[in-house]
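Below is one structure; the comments refer to it alone.
Computed over heavy atoms, backbone and side chain alike; hydrogens, waters and symmetry mates excluded. Just so it is clear: chains get the letters A, B, ... in the order the sequence lines come, proteins before strands, and each one is counted from 1.
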Number of protein chains: 2
Amino acid sequence: MKKTIFTFAALVLAILALFQLSKYSVIAGDTSIETVIAIIAVIFFVIGIVINKRVLHKTKKPTQKINYQKIEELGLSKREYEVLCQIAMGLSNKEIAEKLFVSESTIKTHVSNMLVKLDAKRRTQAIQIAKELQIIPL
Amino acid sequence: MKKTIFTFAALVLAILALFQLSKYSVIAGDTSIETVIAIIAVIFFVIGIVINKRVLHKTKKPTQKINYQKIEELGLSKREYEVLCQIAMGLSNKEIAEKLFVSESTIKTHVSNMLVKLDAKRRTQAIQIAKELQIIPL
DNA sequence: CTAAATTTCATACTTTAGTATGAATGCTGT
DNA sequence: ACAGCATTCATACTAAAGTATGAAATTTAG
C-alpha cells in the first residue's frame, strides 16, 4: 500500500514537471503545441490502461453467468438440473436423495435421463460437458 | 466489426477537430495552454480505460494458475495427479488406462491413493476439492 | 377438462468405481 | 548397498453408478 502511494506521488510530480517543461518549451519556441499535446495524450492513454488493468486484476472474480437458454434447449427438467448441480458438488446418489427428500431410485432415474440429454456416459463427463456449456457455475 | 471501425473513425475525427479548435483557441488567447492540456489528458485517460476494458472483456479467459505448491503439500505423486486431471476431464478408469498405456488396475490404485490424499470419498468429490484448492484448471 | 410432461418409486440387472492385500520393478538420495 | 518411494500389476471383494422396464401420482399447458 505504501508502495502504491509512493508510486502515485512520483507519477504526479513527474507529470507536473513535464507540464512546466512543455510550457517553457512552447514559449521558447523549441516545440510545437501539437507535439506537446500528442505526448500528453500518449502518456495519459498509457496511464489509463495501466490503472484500469490494476483495478481489474484486483477485483476480478470470474462470475460466470449460467446459460439458461441452453438448459431449455437440452430439454433438462427442473429436477434433472438440480440433480446435475448436486453431482457437480461431488455428492453421491444417496446423498442427493437425502438432500432432496426423495428415494435413491428416483435420483437414479433423473441421473440416467440427464446423462442421455447431455450425451454423457458418466456423471464425471456430465460435469465436464455442463461446464463447457456453461449451465453450471464454475 | 463494422460498428467498431465506425466508432473508431468518428473518435479520430472528433479528436482532430478538438485539436484544431484548441489550437485556434490558444492562438486567439481565449484559452490557456494548461486548460487545453488538461482536457486532452482527461480525454485520452478515459479512452485508455475504455479500450482496455473492451480488450480485456473480449479476450478474458479465466486463466487460473495452478497451485503446484498445494500439490506437493498433499503429497500427490506425478502419476496420481495425471490421473486426477483425466478424471476431471470426465474419463473412466478404463479410458485413462488406455490413454496412459497402463492397466486399469494400476489406475484404480492411483485413484484410490489420490482419494485418500484429497480426503474425498468419490471421484466427483475429488474434482470439486481439486477445483477449490486450484490444483486443476477450471 | 384432457393430454402431455414431470416426478416419483420399485425391482432386477449390468457395469463401473473403489478397497484391501500382496508383490515385483525401478529410481533416488544417503 | 540399502531404505524409501513411486509405479506397475493382479486377484478378490464390496459399494456405487447406471440401465431397463413398468407404473402411479402430480403438474402443466392447451
Side-chain angles (χ1 to χ4, degrees), chain A residues 66-133 135-136, chain B residues 66-133 135-136:
Chain A
I66 293 163
N67 191 346
Y68 293 103
Q69 202 206 316
K70 198 83 199 175
I71 298 174
E72 278 197 21
E73 276 178 36
L74 293 167
L76 279 179
S77 75
K78 196 183 288 180
R79 226 34 173 170
E80 285 160 0
Y81 179 68
E82 273 185 285
V83 171
L84 172 60
C85 290
Q86 297 304 315
I87 285 175
M89 297 292 289
L91 301 191
S92 68
N93 289 339
K94 201 175 194 175
E95 288 169 339
I96 297 172
E98 286 167 6
K99 200 164 185 176
L100 300 184
F101 304 107
V102 293
S103 77
E104 192 184 340
S105 69
T106 302
I107 300 299
K108 282 190 178 184
T109 304
H110 290 322
V111 171
S112 204
N113 293 331
M114 177 272 288
L115 288 178
V116 172
K117 290 173 182 176
L118 277 191
D119 194 26
K121 287 172 192 154
R122 287 164 291 284
R123 48 171 56 209
T124 50
Q125 198 181 5
I127 295 173
Q128 170 69 12
I129 291 171
K131 270 192 294 180
E132 294 250 305
L133 298 177
I135 59 177
I136 56 174
Chain B
I66 292 163
N67 191 345
Y68 292 102
Q69 201 206 318
K70 198 82 198 175
I71 298 175
E72 278 197 20
E73 276 177 38
L74 293 167
L76 280 179
S77 75
K78 194 182 289 181
R79 224 39 172 164
E80 285 161 0
Y81 179 68
E82 274 184 285
V83 171
L84 172 60
C85 290
Q86 297 303 316
I87 285 175
M89 297 294 287
L91 301 191
S92 68
N93 290 340
K94 200 175 194 175
E95 287 169 340
I96 296 171
E98 286 167 7
K99 200 165 187 176
L100 300 184
F101 304 108
V102 293
S103 77
E104 191 183 342
S105 68
T106 301
I107 299 301
K108 282 189 177 186
T109 305
H110 290 322
V111 171
S112 205
N113 292 332
M114 177 273 287
L115 289 178
V116 172
K117 290 173 182 175
L118 277 190
D119 193 27
K121 288 171 193 156
R122 289 165 288 284
R123 46 171 58 211
T124 50
Q125 197 181 3
I127 296 173
Q128 170 69 12
I129 291 171
K131 270 191 294 179
E132 294 251 305
L133 298 177
I135 59 178
I136 55 172

Q.
Please encode protein proximity along nucleotides 23-30 of chain C as a string of B, S and -, counting only heavy-atom distances under 4.0 Å.
A. --------

List, with names and distances, any nitrogen or oxygen atoms from the protein found under 3.5 Å away from nitrogen or oxygen atoms belonging to nucleotides 18-28 of chain D.
| residue | atom | partner | partner atom | Å |
| --- | --- | --- | --- | --- |
| D:dG18 | OP1 | A:R123 | N | 2.7 |
| D:dG18 | OP2 | A:R123 | NE | 2.8 |
| D:dG18 | OP2 | A:R123 | NH2 | 3.4 |
| D:dG18 | N7 | A:K108 | NZ | 3.4 |
| D:dG18 | O6 | A:K108 | NZ | 2.8 |
| D:dT19 | OP2 | A:S112 | OG | 2.6 |

Q) For C:dT6, does either OP1 or OP2 sit under 4.0 Å from a side-chain N or O belonging to A:H110? A) no

Q. Separation of A:Y81 atom OH from C:dT6 atom P, in whole Å?
A. 17 Å

(Q) Can a side-chain donor-acceptor contact be found between B:Q69 and B:E73 if the only test is distance below 3.5 angstrom? (A) yes

Q | Non-hydrogen side-chain atoms of B:L133 and B:L74 separated by less than 4.5 Å | A | yes

Q. Just checking A:S77: base, sugar-phosphate only, or nothing, at a heavy-atom cut-off of under 4.0 Å?
A. sugar-phosphate

Q) Can you tell if the side chain of B:M114 reaches within under 4.5 Å of the side chain of B:I87, non-hydrogen atoms only? A) yes

Q) Using a cut-off of 4.0 Å on non-hydrogen atoms, how would the nucleic acid contact of B:S103 be classed: base, sugar-phosphate, or nothing? A) sugar-phosphate

Q | Nearest-Å distance for atom pair CZ/P, residues B:R79 and D:dT7 | A | 7 Å

Q) Expressed in angstrom and rounded to an integer, what is the separation of A:K94 atom NZ from C:dA17 atom C1'? A) 16 Å

Q) Atom CD1 of A:I107 to atom P of D:dA15: distance rounded to whole Å? A) 21 Å

Q.
Under a 3.5 Å distance rule, please check whether B:K117 uses its side chain to pair with a backbone N or O of B:G75 as donor and acceptor.
A. yes

Q.
Nearest whole Å is fine: how far is C:dT19 P from B:E104 CD?
A. 14 Å

**Q.** Closest contact, heavy atoms only, B:I136 versus B:C85
**A.** CG2-SG, 4.1 Å

**Q.** B:A126 to B:L118 - nearest heavy-atom pair and separation
**A.** O-CD1, 3.8 Å

Q. So what does B:S92 hit on the nucleic acid, given a heavy-atom distance under 4.0 Å: a base, only sugar-phosphate, or nothing?
A. sugar-phosphate

Q. Taking CG from B:L91 and P from C:dT16, how many angstroms apart are they, rounded to a whole number?
A. 14 Å

Q.
Which residue in the set B:R122, B:K121, B:Q125 passes side chain to side chain contact (heavy atoms under 4.5 Å, CB included) when paired with A:S92?
A. B:R122

Q. So which nucleotide from C:dT16, D:dT8, C:dC9 ends up closest to the side chain of A:V102?
A. C:dC9

(Q) Please report the distance, rounded to the nearest Å, between CD1 in A:I96 and P in C:dT7. (A) 15 Å

Q: Report the distance from atom CD of B:Q86 to atom OG1 of A:T124, rounding to the nearest 0.5 Å.
A: 11.5 Å

Q.
With a 4.5 Å cut-off on side-chain heavy atoms, are B:R79 and B:T106 touching?
A. no

Q: Whole angstrom is fine here: how far is it from CG in A:L100 over to P in C:dC9?
A: 11 Å

